[in-house]
Structure formats: structure tokens, C-alpha cells
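Single-structure report; data block below.
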There are 2 protein chains.
Amino acid sequence: MTYNYNSEDKLLLAVDCIIFGFDQEDLKILLIKRNFAPQKGRWSLMGGFLHKEENLDGAANRILSSLTGIRNVYMEQLHAFSDVDRDPGARTVSVAYYALINIEDHSKKLTQHYSAQWFSLSDFPELIFDHNEMVQHAIQRLRYRTSTKPIGFELLPERFTMRQLQKLYEAILNEELDKRNFINKIHALDILNKLEEKDMNSSRKGSFLYQFDQEKYQKKTAEGFSFKL
Amino acid sequence: MTYNYNSEDKLLLAVDCIIFGFDQEDLKILLIKRNFAPQKGRWSLMGGFLHKEENLDGAANRILSSLTGIRNVYMEQLHAFSDVDRDPGARTVSVAYYALINIEDHSKKLTQHYSAQWFSLSDFPELIFDHNEMVQHAIQRLRYRTSTKPIGFELLPERFTMRQLQKLYEAILNEELDKRNFINKIHALDILNKLEEKDMNSSRKGSFLYQFDQEKYQKKTAEGFSFKL
DNA sequence: CCAAAAGTGTTTGTACTACACCCATGT
DNA sequence: ACATGGGTGTAGTACAAACACTTTTGG
């Protein structure tokens, strides 16, 4: 006997992306104004539907790049949202993803060409469907992941100052951190390269730039090191 | 303009459950032998398909109870698995769940009536499709969750000894723990009730029974306490 | 010379680790 | 009397938290 797959319900599988960015001060998410019914005119996450010939990671990347032009960024599957009435237009289940991008690389094009807009996490509009819930999930996951994996760097320029890094973690964790303790911790991890060059924008004295050393991190990881902040 | 949902692909959404049990020694998973094609005769997780009128949590519970008779146990969504060829019978996406059950409550009926079988995590058969990968994910999640939430108790009888609790955590973490340190840690959490009664099966002297105090835990949690093991 | 941010160590307390002996009981 | 598992405390170490002053330089 072969299982009769035909007797089972088929449905639409959506993918929605929470796109995080960081503007040196606040953690932000990228939203678009929906230009079709239902819920036309309201703010929404970037979304689309899974095609038969791709997997979810592929769909998430396709949707991200078609709606924002963004490619090759950190993405991670979050959770499947499946309430029966979540989308009044049709019975859909949505798998949420979150992405981390360096806001400076993309800012211009996004707002102009794609009519997407950045909103601070502390003040963003009501979203359609269950997208608010997705964002809350994403923040939780981001907090956990950034304190156990070195993915926070994805939100910063390639070269960054200690101050920027600290501000980033403060924004993610939503709490203030002690400057000396933070720097000591980062130094102890020993996965950054200190550059000769200074960033002269933020102060008269200037502050040294650092970059994440991917190779060193992987080597240490292979030897049993694990990132913990 | 209304979005044309009809132009999008529809597909089958499966739910597969990793069911964990603990037999005083080893962590185990419950498997069934598939009695239909494709892959008839091979071992598989408990699975089924999402119906239109239910959400995923509902489907997971329905599938669990229809295949095993088990109800009202701890379940948590794990991850969506979506490779295009994951199920050769049809294009499906599967959302994996894991469940924790007290093995003693269910053992008999399961093996007899439902022809399900327990396998030790250290020695279980090759599974169909991507089910092996699902099990690996589930173990990771279980390790994380049991060290940050008091859900390990779901795998034990309501009343248990310290030794049992320690053995459970050793099985989950797959490492030996120091008896005194473990007990000190548990006592420091202060979320168990020590009963007057002793369990006389394991030794001549007998060992005190404890139970998890859900109310106390919730009260402490509300006051800022967080479980950490 | 002053304002503004960068950079830098030490002390104190807390949490984790390692470790060994006596107790109670059934046979 | 002895074998079996149950129960208990402390000392040492490592990690986390609190904390304040000096440096640099553009205006």
C-alpha cells in the first residue's frame, strides 16, 4: 500500500523576513507598506510564497533579494506561524526568517528604489497579520544568538570601533553595559584584529578600528573555543 | 488590487514528532515502523499532515494522540524542513516538534497497541527521509531548553529521587556530573519539595522523593528568578 | 584652556569545581 | 559483618561586577 498523499490538504506556505539593521544608536527593522489587499496600506514584513522547486532557505533569500536587492547576508529560520485565520486572504502557514544586514551598505537604495523604510524597534507601527509576534520572536532569538555566536558583526561595517560594538550590544540586549568590562571581555575573546587606523569622526582623539577575524575565530572554534558574551 | 493567492504553489505540510522518554538510564526516542510506501518497513518518527482547519500545535497534538494515545504533554515546535526532495512521495515541507513524556505512564500501551518502539539515543536505526537530522536538532534544542527551563521534570515520574534527576541530566547532556555539586545546585534553585517518603527500590537505605513545585517556580519567576542549570 | 570621547586595571564578591567520608539498611 | 547506594561540606580557583582618572586634540 502506498500512502495516498492526494487525500491530504494542500496549502500556501509563506515566508516572512524580519530584517535587522543598526544605525549606530538603535536597532531597526525594515518594513514595507503593502500595496495590495488585504490590508493594503498597512506596514508589513518582507514576505512571499514558497515555490515548489525551492526550499525555505532559498525562498527566504529570493524574497529578500527581490524586495530589497539584498543578497548574501546572515539569515536564520525562526519559527512557523500557523493560526488558521492568520491571513484573511487565504489559509497560509508562514515560516519566519530573520536577517542581519549592515545598514550603511543598503540604506539609500532601499528607501528610494524599494520604498522600504527603517523603523526603530522602540517605535514601529502596528504590522499586519501576526507580524508583530514574529518580530518579538526574532528579537528573542537575536539576543540569544548574538550572545553565543559572533554574528553581531553582521550588523556593523567591516571596520568598527569598540564604542560601536558596545552600542550595538546595548541596543540588542536593551541594557547599558560597563565600558571597561565590555572591552575586557571582547579582548579576552581574542577574535578581533586591531587596525592601525583610527576613526576620526566620533571624537577629537579618534578611536581605533577593529575587524572581526573570521579565520582566527574558526581556528579557535575547532580547538574547542566557544563564543560567549 | 487584491493579491492573487491562486497563482502561488500549494503544498502538503507535514508534522513530525520526536518523542523523548527516559528509562532511568538512557534517553530514548519513540519510533514506528512504517507500514506503507514509500519506504515501507523502515523506522520513522510519528508524523502526519496538517489539516486546513487546525494550526501546527493542534496538528502535532492530534498526530501524537492518534498514533500513541498520548495527550497533554510538553511539546515544542522545532524547525521546518523543506528540501525539495525530502519526501520522494510528494513535495512536502515538514515542521518538526518534540515532546517529552514520562515513559512509565505510557510504555505498555505503546509497544502493544500502537506497535511503537523505544530506542536509545545512542543506538537507534536509520530513519526515513530527513528524520535523522530532525532528531539531531531535537537533541540540541532539548539540551538548551532543559538547562534554561525546568522542563526536564516532564520526563520523570511526578515523584523522583535526586539520583534519578541527576541521571536524567547526565543522559541529556551526555556527560557525567558530580553528585554533590549537582545536588547543591538543585537545592540552590529552591523549586523542589522534599517529601517525607522514601523510594525503597534503589537501595537498602532508601532515598528521599522530591517533586517539582510549579507554583513556587512561577512565583519566583515572576519575581525575576530564572532557572539555570 | 576647555570640552568630549578614548583608553586603561584593580579590587571585591560570587559562582563553579574538585574532592572523601560516614550513614542506614537488608542480607 | 558487609555490601550497596544515600547523603553531606569545604577550600581553592576562576569569572563577573563595580568603579575613576588620564590622554588626546580641535576649537
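Only this structure's heavy atoms are used, side chains among them; waters, hydrogens and symmetry mates stay out. As the structure is a prediction and not an experimental result, all values here were calculated from the model. Chain A is the first sequence line, chain B the second, and so forth, proteins listed ahead of strands; every chain is numbered from 1.
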Aromatic ring centroids of A:F129 and A:F81 under 6.0 Å? no
Rounded distance in Å - CD (A:Q166) to P (C:dA5): 14 Å
side-chain hydrogen bond (donor to acceptor under 3.5 Å, both in side chains) for A:E170 and A:Q166? Distances and angles first, verdict last. CA-CA 6 Å; A:E170 287 178 336; A:Q166 185 181 342; 3.2 Å; yes
Could you tell me the separation between the CD atom of B:E176 and the C1' atom of C:dC19, rounded to a whole number of Å? 15 Å
Which residues within residues 179-206 of chain A lie with some heavy atom under 4.0 Å of an atom in DNA chain D? A:R180, A:N181, A:R204, A:K205
Answer yes if the side chains of A:D199 and A:T161 hold a donor-acceptor pair under 3.5 Å, and no otherwise. no
How do A:S207 and B:D178 order along DNA chain C: which one's closest nucleotide is nearer the 5' end? A:S207
Spacing of B:R163 atom CZ relative to D:dT8 atom P, expressed in whole Å: 15 Å
Would you compute the distance between atom CZ of A:F153 and atom CD1 of A:I191 and round it to the nearest 0.5 angstrom? 4.5 Å
Could you give the distance from CD1 (A:I63) to CG (A:L45), rounded to the nearest 0.5 Å? 11.5 Å
Think B:K194 forms a cation-pi with B:Y210, using NZ or CZ under 6.0 Å from the six-ring centre and within 45 degrees of its axis? no
Grab the CZ-C1' distance between B:F208 and C:dA24 for me, whole Å please. 11 Å
